[in-house]
Amino acid sequence: MEYRSENGNIILFQEDFNLDETLDCGQAFRWERAAEEDGRCTYNGFFLDKPLKISEAEESCFILYNTSEEEFLTVWKDYFDLDTDYGKIKQRLSADDTLKKACEFAGGIRLLKQDSWECICSFIISQNNNIPRIKGIISRLCEHYGHFPSAAEMASETVESLEYLRSGFRAKYLIDAAVKTASGEIDLNEIEKMDIQQARQKLMTVKGIGPKVAECVLLFGMYRTEAFPVDVWIKRVMEKYYPDGLPSFTAGIEGIAQQYLFHYIRNLK
DNA sequence: TTCCAGGCGTATC
DNA sequence: GATACGCATGGA
């Protein structure tokens with residue numbers, strides 16, 4: 001990673017990074033692709049309440065608009081996981097033919113270090129749902145509050161007051177998660193430090209958080225790269241290519257392997 | 001019209 | 001512990 005500050009923007013040089021592959025691959029739901037400017041792929045989105053406009057100027061070169069060096073170093077460098085060498089990770093994962101193809105297919109995927117509370121909500125909403133509709137529900141939620149609501153803010157909602165979301169049967173799950181988090185019964189800072197099996201169990205005490213959602217919260221909201229969410233798509237990959245489980249060289253970074261595989265299988269043929 | 005979507009809770013055995 | 005089924009909503 002190299003960067004420089006220029007006219008209030010950050011110019012970033014970063015290998016193994018592609019905006020479409022990272023921001024529109026189903027790990028985060030608050031990034032919108034803008035109309036292209038001079039053929040540049042541009043996205044607008046948020047980390048917590050911080051907005052960002054970012055574009056891909058040319059191969060491996062990005063512009064983070066209206067971003068100070070301090071904000072870049074304290075927020076976005078971490079969010080985009082820029083201290084991790086994904087080239088090295090892909091090299092390690094490419095010991096296997098299928099994973100090699102997956103890494104080559106979408107080599108610009110990076111794991112976003114998202115907020116754990118936002119991930120809880122996002123992936124509760126994701127269950128038995130499709131990505132465009134997930135984005136719609138989250139967008140209505142943020143528009144309603146003017147920001148992504150805290151657990152305390154959402155704890156005072158009711159199924160009726162959330163009707164505008166059109167989130168269906170998931171509304172009661174969101175409220176249960178909010179009440180338990182706001183009261184401290186679920187302590188996300190505590191869960192982050194737990195042994196992963198304990199963390200899974202604790203997360204699953206929330207109604208609407210099952211094995212898949214818990215795994216997504218751990219992977220996308222707590223940077224537990226050993227978490228391995230299995231959804232309908234990954235189930236297909238596993239049945240077809242890995243009936244006996246993932247190869248052992250993925251140990252510790254199963255979740256990153258999952259991201260490459262998910263994107264690969266969804267776009268196959 | 002029917003099927004399906006980054007699943008989960010509940011009932012039943 | 002395994003398996004079957006309903007669930008809100010809307011895009012394809």
Side-chain angles (χ1 to χ4, degrees), chain A residues 20-33 45 102 105-106 109-141 143-144 157-180 186 197 199-242 246 254-269:
Chain A
D20 283 324
E21 291 168 6
T22 297
L23 300 178
D24 197 24
C25 69
Q27 62 172 321
F29 304 99
R30 290 176 74 200
W31 291 95
E32 292 298 332
R33 202 181 204 282
F105 179 77
I109 294 179
R110 306 180 76 83
L111 203 55
L112 298 171
K113 293 188 173 180
Q114 301 182 68
D115 175 65
S116 54
W117 165 245
E118 185 176 325
C119 278
I120 285 184
C121 296
S122 299
F123 288 95
I124 281 176
I125 291 166
S126 79
Q127 69 183 78
N128 197 220
N129 214 342
N130 56 57
I131 291 178
R133 221 171 79 80
I134 297 164
K135 285 178 138 180
I137 293 168
I138 293 172
S139 154
R140 287 191 284 280
L141 181 67
E143 207 165 301
H144 180 81
E157 300 287 355
T158 63
V159 170
E160 291 72 32
S161 75
L162 287 180
E163 262 175 11
Y164 71 94
L165 286 180
R166 302 201 297 283
S167 61
F169 60 88
R170 305 166 192 85
K172 55 182 179 292
Y173 300 152
L174 291 172
I175 293 166
D176 190 59
V179 167
K180 286 185 170 133
I186 289 284
Q197 202 52 254
R200 286 182 178 117
Q201 294 304 321
K202 189 67 185 174
L203 285 168
M204 287 195 289
T205 61
V206 173
K207 282 199 188 301
I209 300 187
K212 161 66 168 55
V213 173
E215 220 62 6
C216 285
V217 172
L218 286 162
L219 179 60
F220 302 125
M222 298 180 175
Y223 201 68
R224 298 295 287 260
T225 56
E226 74 271 41
F228 189 72
V230 177
D231 70 328
V232 289
W233 294 96
I234 292 297
K235 198 173 286 177
R236 286 171 207 165
V237 174
M238 296 307 284
E239 281 165 5
K240 188 168 177 184
Y241 299 105
Y242 304 107
L246 279 184
E254 292 90 337
I256 298 177
Q258 194 267 13
Q259 282 298 95
Y260 293 120
L261 289 170
F262 178 74
H263 201 73
Y264 179 57
I265 194 75
R266 271 171 57 94
N267 292 282
L268 216 54
K269 51 177 185 172

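Below, chains carry the letters A, B, ... as their sequence lines are ordered, and counting in each starts from 1. Excluded from the calculations below are hydrogen atoms, water molecules and symmetry mates; all remaining heavy atoms, backbone and side chain alike, are included.
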Measure centre to centre between the rings of Phe29(A) and Phe123(A), then say whether the value is under 6.0 Å. yes
Are Asn129(A) and Ile137(A) close enough that some pair of their side-chain heavy atoms sits under 4.5 Å apart? yes
Non-hydrogen side-chain atoms of Val206(A) and Ile120(A) separated by less than 4.5 Å: no
Salt bridge check, Lys135(A) against Asp24(A): does any charged N sit closer than 4.0 Å to a carboxylate O? yes
Lys/Arg-Asp/Glu bridge criterion (N-O < 4.0 Å) met for Arg110(A), Glu21(A): no
Taking any heavy-atom pair under 4.0 Å as a contact, classify [X]: base, sugar-phosphate, or nothing.
{"X": "Pro229(A)", "answer": "base"}
{"X": "Lys235(A)", "answer": "nothing"}
{"X": "Arg166(A)", "answer": "sugar-phosphate"}
{"X": "Glu163(A)", "answer": "nothing"}
{"X": "Val230(A)", "answer": "nothing"}
{"X": "Arg170(A)", "answer": "base"}
{"X": "Cys119(A)", "answer": "nothing"}

Hey, what do you get for CD1 (Ile265(A)) to CD1 (Ile234(A)), rounding to the nearest 0.5 Å? 8.0 Å
Taking for each residue the nucleotide of DNA chain C bearing the nearest heavy atom, is the 5' side occupied by Gln127(A) or by Pro132(A)? Gln127(A)
Heavy-atom contact window of chain A on DNA chain C, given 5' to 3' at under 4.0 Å: dC7(C) to dG10(C)
Would you kindly give the [atom1]-to-[atom2] distance between [X] and [N], to the nearest whole Å?
{"X": "Arg133(A)", "N": "dG7(B)", "atom1": "CZ", "atom2": "P", "answer": "12 Å"}
{"X": "Lys135(A)", "N": "dA5(B)", "atom1": "NZ", "atom2": "P", "answer": "18 Å"}
{"X": "Lys172(A)", "N": "dG7(B)", "atom1": "NZ", "atom2": "C1'", "answer": "13 Å"}
{"X": "Asn129(A)", "N": "dA5(B)", "atom1": "CG", "atom2": "P", "answer": "11 Å"}
{"X": "Ile125(A)", "N": "dC8(B)", "atom1": "CD1", "atom2": "C1'", "answer": "15 Å"}

Should the heavy atoms of other residues, nucleotides or ligands under 6.0 Å from NZ of Lys172(A) be counted, would the total exceed 12? yes
Carefully, step by step, assess Glu118(A) and Ser122(A) under the rule side chain to side chain donor-acceptor pair (under 3.5 Å). CA-CA 6 Å; Glu118(A) 185 176 325; Ser122(A) 299; 4.7 Å; no
Would you measure the distance from the C1' atom in dC8(B) across to the matching atom in dG11(C) and give it in whole Å? 22 Å
Could you measure between the two C1' atoms, the one in dG9(B) and the one in dG10(C), and give it in whole Å? 23 Å
Would you please test Asp231(A) and Lys235(A) for salt bridge (Lys or Arg N to Asp or Glu O under 4.0 Å) and show each step? CA-CA 6 Å; Asp231(A) 70 328; Lys235(A) 198 173 286 177; over 6 Å; no
Name the orientation class of the two ring planes belonging to Phe105(A) and His263(A) (parallel below 30°, tilted from 30 to 60°, perpendicular beyond 60°). tilted
Which protein N or O atoms sit under 3.5 Å from an N or O of nucleotides 9-13 of chain B?
from, atom 1, to, atom 2, distance (Å)
dG9(B), OP1, Gly208(A), N, 2.9

